[in-house]
Amino acid sequence: MNNFIETKEHRRFVEFCEACRKYRYIGICHGVPGVGKTMSAKTIASWYDVEPLLDSIRDERKIEAEIKKSQLSTIYYNAPTFGTSRIRKDIYSIGLRLKLLEEKIMIQAGDESFELKTRLKEMVDLIIIDEVDRLKLPGIEVLRELFDDTDIGMVMIGMPGMQRKLSRYPQLYSRIGFSHEYKMLGEDELQFILENRLREISNYKGMNHFENYEAMRELIRVTRGNFRILDRMLAQIERIMKINHLSSINKEVIDTAKSILVIGK
């Protein structure tokens with residue numbers, strides 16, 4: 001399981017996905033790299049828990065993970081860079097494996113009231129497609145046909161500008177009901193998250209201590225609200241502090257962590 005931090009943007013993204021699920025619309029979500037789109041999508045789909053189990057369906061060992069039926073109703077799928085003709089097959093295959101996983105879990109629980117279904121729309125009610133920017137017209141058309149055939153809510157995730165790209169495909173674009181921008185963390189929320197994480201890995205005492213203040217301002221400046229950079233910076237800071245047996249954080253620790261990472265301008 002990942003160390004996921006629930007942010008305001010994640011909660012907004014959840015509301016957006018649930019609207020697509022409920023009203024069975026296509027929604028598009030766009031945002032600059034690193035803001036947390038993929039992590040949010042995988043969290044909504046419980047993919048960090050579910051994906052490792054999909055390839056162990058035929059394994060006779062008992063599934064120890066606490067997976068609920070509600071966690072098996074969303075597919076997360078990363079759009080391929082090539083071979084887009086397999087998209088439909090891949091998504092149907094994942095849906096079927098989710099249903100088989102549900103069957104195995106229910107058998108282990110002694111519940112015999114279920115019935116195995118084979119149609120995708122009876123297995124899941126939301127499909128999240130990540131990195132849609134990779135797809136050209138044939139892949140876009142596959143997704144459009146899949147939506148028409150199944151009437152399942154669909155969320156497409158990509159980079160800023162994807163809305164303009166999709167507008168060139170009127171058959172798909174006319175089916176889009178929602179658009180959502182996944183934004184950077186605001187400074188107040190970024191500071192709140194940092195303060196909580198820093199207390200976990202150091203003896204952080206608050207902004208009234210100069211070293212803590214200096215470290216906090218430097219972290220805010222370096223990460224600029226980018227969730228991916230924030231996560232990597234904190235991981236490096238924790239590693240550096242453990243190696244050097246440090247209990248307090250300062251600008252030197254941050255500078256060392258920053259020198260290790262590749263951070264874009």
Would you give the length of the straight line joining atom [atom1] of [X] to atom [atom2] of [Y], rounded to the nearest 0.5 angstrom?
X	Y	atom1	atom2	answer
Glu6	Ser40	CD	OG	9.0 Å
Ile28	Lys165	CD1	NZ	12.0 Å
Ile87	Leu143	CD1	CG	5.0 Å
Ile75	Asp125	CD1	CG	10.0 Å
Leu54	Ile94	CG	CD1	7.5 Å
His30	Lys37	NE2	NZ	10.0 Å

Do [X] and [Y] have side chains that get closer than 4.5 Å, going by heavy atoms?
X	Y	result
Tyr182	Thr7	yes
Leu219	Ile237	yes
Tyr173	Arg168	no
Leu166	Ile140	yes
Ile91	Ile129	yes
Arg175	Tyr169	no
Met39	His10	no
Glu214	Glu218	no

State plainly whether one hydrophobic cluster holds both [X] and [Y], where clusters connect Ile, Leu, Val, Met, Phe, Trp and Tyr through side-chain heavy atoms under 4.5 angstrom apart.
X	Y	value
Ile260	Leu246	yes
Met159	Leu135	no
Val14	Ile26	yes

Under the side-chain contact (heavy atoms from CB on, under 4.5 Å) test, which residues partner [X], sequence neighbours left out?
X	result
Phe16	Phe13, Cys20, Cys29, Val155, Phe178, His180
Arg228	Pro33, Asn226, Arg232
Ser248	Asn203

- Message: The test is side chain to side chain contact (heavy atoms under 4.5 Å, CB included); show your working for Leu146 and Asp149 and say whether it passes.
- Response: CA-CA 5 Å; Leu146 183 68; Asp149 290 347; 5.7 Å; no

- Counterpart residues, side chain to side chain donor-acceptor pair (under 3.5 Å), relative to Thr84 (two or more places apart): none

- Task: Please say whether more than 12 non-hydrogen atoms of neighbouring residues, nucleotides or ligands are located less than 6.0 Å from OH in Tyr25.
- Result: no

- Mind running side chain to side chain contact (heavy atoms under 4.5 Å, CB included) on Leu53 and Asp49 for me, showing each step along the way? CA-CA 7 Å; Leu53 301 177; Asp49 295 326; over 6 Å; no

- Residues passing the ring-ring contact (aromatic ring centres under 6.0 Å, His included) test with Tyr23, sequence neighbours excluded, are none

- salt bridge (Lys or Arg N to Asp or Glu O under 4.0 Å) between Asp130 and Lys42, intermediate numbers included: CA-CA 10 Å; Asp130 202 356; Lys42 287 187 174 184; over 6 Å; no

Might you point out which heavy atoms bring [X] and [Y] nearest each other, and give the distance in Å?
X	Y	answer
Asp133	Gly158	OD1-CA, 2.9 Å
Tyr77	Pro80	OH-CD, 3.6 Å
Phe227	Val35	CB-O, 3.3 Å
Met154	Leu126	N-CD1, 4.1 Å
Arg221	Arg224	O-CG, 3.0 Å
Val124	Ile152	O-CD1, 3.8 Å

- Are the charged groups of Arg11 and Glu15 less than 4.0 angstrom apart, N to O? no

- Message: Between Gln163 and Ile176, does the side chain to side chain contact (heavy atoms under 4.5 Å, CB included) criterion hold? Intermediate values first, please.
- Response: CA-CA 10 Å; Gln163 190 167 352; Ile176 294 173; over 6 Å; no

- Message: The test is side chain to side chain contact (heavy atoms under 4.5 Å, CB included); show your working for Thr74 and Trp47 and say whether it passes.
- Response: CA-CA 9 Å; Thr74 301; Trp47 220 240; over 6 Å; no

Side chain of [X], backbone of [Y]: donor and acceptor closer than 3.5 Å?
X	Y	answer
Asp231	Leu234	no
Ser174	Gln171	yes
Arg134	Ala79	yes

Contacts under 3.5 angstrom, residues 183-190 side chains, donor-acceptor by atom type, not counting sequence neighbours:
{"residue": "Glu187", "atom": "OE2", "partner": "Arg217", "partner atom": "NH1", "Å": "3.3"}
{"residue": "Glu187", "atom": "OE2", "partner": "Arg217", "partner atom": "NH2", "Å": "2.7"}
{"residue": "Glu189", "atom": "OE2", "partner": "Lys8", "partner atom": "N", "Å": "2.6"}

